[in-house]
Each structure stands twice: as structure tokens, then as C-alpha cells.
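A quick write-up on the structure given underneath.
Owing to the predicted nature of the structure, the values given are computational and were not obtained by experimental measurement.
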Amino acid sequence: MSRPPDITTLIPLKPVELELLLALAAEERHGYALVQEITAQTDGVVQLEPGNLYRVIKRLLADGLVQESTRRAIDDTDERRRYYRLTALGVRVLNAELSRIRSIMARASVRAFTRRLNPA
């Protein structure tokens with residue numbers, strides 16, 4: 001029996017990996033839908049080109065964080081369109097990364113810094 005991967009070796013995630021996992025946390029999506037969702041959830045700050053998107057997906061597939069879905073849209077005439085979804089490992093890594101970020105944001109030094117940036 002193989003051991004489950006140590007998720008601490010998979011974090012911290014790169015920002016674009018985090019955004020992609022967050023987009024897949026809501027539902028299975030195909031590449032173009034991922035690009036649209038990431039653009040929307042980052043208010044246009046992150047705009048992925050297809051080549052970069054598929055490099056990130058390939059890396060996440062290799063790490064076992066996402067997998068290709070068998071889902072096909074009923075009106076989908078393009079058989080090349082592939083849908084992706086989070087794996088159980090992907091969910092655990094996403095949760096660990098969000099916990100890591102929350103702990104950073106909870107530090108007194110970070111709170112003091114943000115108060116200086118945004119005085120009441």
C-alpha cells in the first residue's frame with residue numbers, strides 16, 4: 001500500500017495554482033471556463049493565456065491535485081474540451097494552503113501593518 005503524499009511538500013502553492021484550485025472548488029470546469037472564472041475572481045488581475053493555463057493544469061495533474069473529469073456538456077460539440085475537478089488530495093492541499101494564509105493574516109505584525117495602511 002502506498003503512503004499518501006505529505007501535503008506540506010505541496011505548499012505553499014504558487015498564486016496561479018491557488019486561483020485554479022479555488023475555481024475548481026466550486027465546480028468542474030473546462031479550460032476556457034477556468035480562464036474566465038480566474039479573471040472574474042481576481043477582478044482581472046490574473047489573466048491566464050491558454051499555454052500558461054495548461055502548463056499549470058499539467059503540473060497539478062502530475063501532483064495529483066486535479067484530475068480530468070468524464071463530464072461532457074450536453075451541447076458540447078467540441079470533443080476536445082476537457083473538464084477538470086479537484087481530487088481528494090487537491091481539497092486537502094487547498095485547505096492546508098488557506099489555513100497557512102489565514103495564519104499569516106492573523107499575525108499581530110500583519111494586523112498592525114494593515115492598520116497603518118488603512119487607518120479607520
Please test Arg59 against Lys14 for side-chain contact (heavy atoms from CB on, under 4.5 Å), starting from the C-alpha separation and ending with a verdict. CA-CA 11 Å; Arg59 192 167 54 242; Lys14 295 178 181 173; 4.0 Å; yes

Report the C-alpha distance between Arg100 and Ser103 in whole Å, list the side-chain angles of each, state the deciding distance to 0.1 Å, and finish with yes or no for side chain to side chain donor-acceptor pair (under 3.5 Å). CA-CA 5 Å; Arg100 185 186 73 80; Ser103 71; over 6 Å; no

Does the Asp6 side chain pair with the main chain of Thr8, one donor and one acceptor, at a distance under 3.5 Å? yes

Check for me, please, whether Ile38 and Tyr83 land in the same ILVMFWY cluster - side-chain distances under 4.5 Å, paths through other members count. no

Rounded to the nearest 0.5 Å, how far apart are CD of Gln36 and CG of Leu48? 12.0 Å

Note, Thr39 side chain near Val46 side chain (heavy atom, < 4.5 Å): no

Minimum heavy-atom separation for Thr87 to Gly64, with atom names? OG1-O, 2.5 Å

Inter-residue atom distance Leu60.CG - Leu10.CG, 0.5 Å rounding: 9.5 Å

Is it the case that one hydrophobic cluster holds both Ile101 and Phe113, taking links as side-chain heavy atoms less than 4.5 Å apart, direct or via other members? no

Hydrophobic cluster membership, with links at side-chain heavy-atom distances under 4.5 Å among I/L/V/M/F/W/Y: are Val56 and Tyr32 in one? no

Can you name the closest pair of heavy atoms from Arg111 and Met105 and give their distance? CG-O, 3.8 Å

If only atom types and distance count, is the side chain of Glu68 paired as donor or acceptor with the main-chain N or O of Tyr84 below 3.5 Å? no

Please check if the side chain of Gln47 supplies one atom and the backbone of Gly44 the other of a donor-acceptor pair under 3.5 Å. yes

Kindly give the heavy-atom pair with the smallest separation between Ile57 and Val66, and that separation in Å. O-CG2, 4.2 Å

Report yes if some heavy atom in the side chain of His30 is under 4.5 Å from a heavy atom in the side chain of Arg82; otherwise report no. no

Could you grab the distance from atom CD of Glu17 to atom CG of Asp63, nearest 0.5 Å is fine? 7.5 Å

Quick one: do Leu94 and Leu20 end up in the same hydrophobic cluster if we chain Ile, Leu, Val, Met, Phe, Trp and Tyr together by side-chain heavy atoms under 4.5 Å apart? yes

Measure the shortest side-chain to side-chain distance between Leu21 and Val91 over non-hydrogen atoms and say whether it is less than 4.5 angstrom. no

Atom pair CD (Glu49) and CZ (Arg55), whose distance is rounded to the nearest 0.5 Å: 10.0 Å

What are the two closest heavy atoms between Gly31 and Leu53, and how far apart are they? O-CD2, 3.4 Å

Side chain to side chain, Leu24 and Arg29, heavy atoms closer than 4.5 Å: yes

Which heavy atom in Gln41 sits nearest to a heavy atom in Leu22, and how many Å separate them? NE2-CB, 4.0 Å

If you look at every heavy atom in Glu28 and Ser69, which pair is closest and at what distance? OE1-OG, 2.7 Å

Assigning hydrophobic clusters by single linkage (Ile, Leu, Val, Met, Phe, Trp, Tyr; side-chain heavy-atom cutoff under 4.5 Å), is Leu86 placed with Ile11? yes

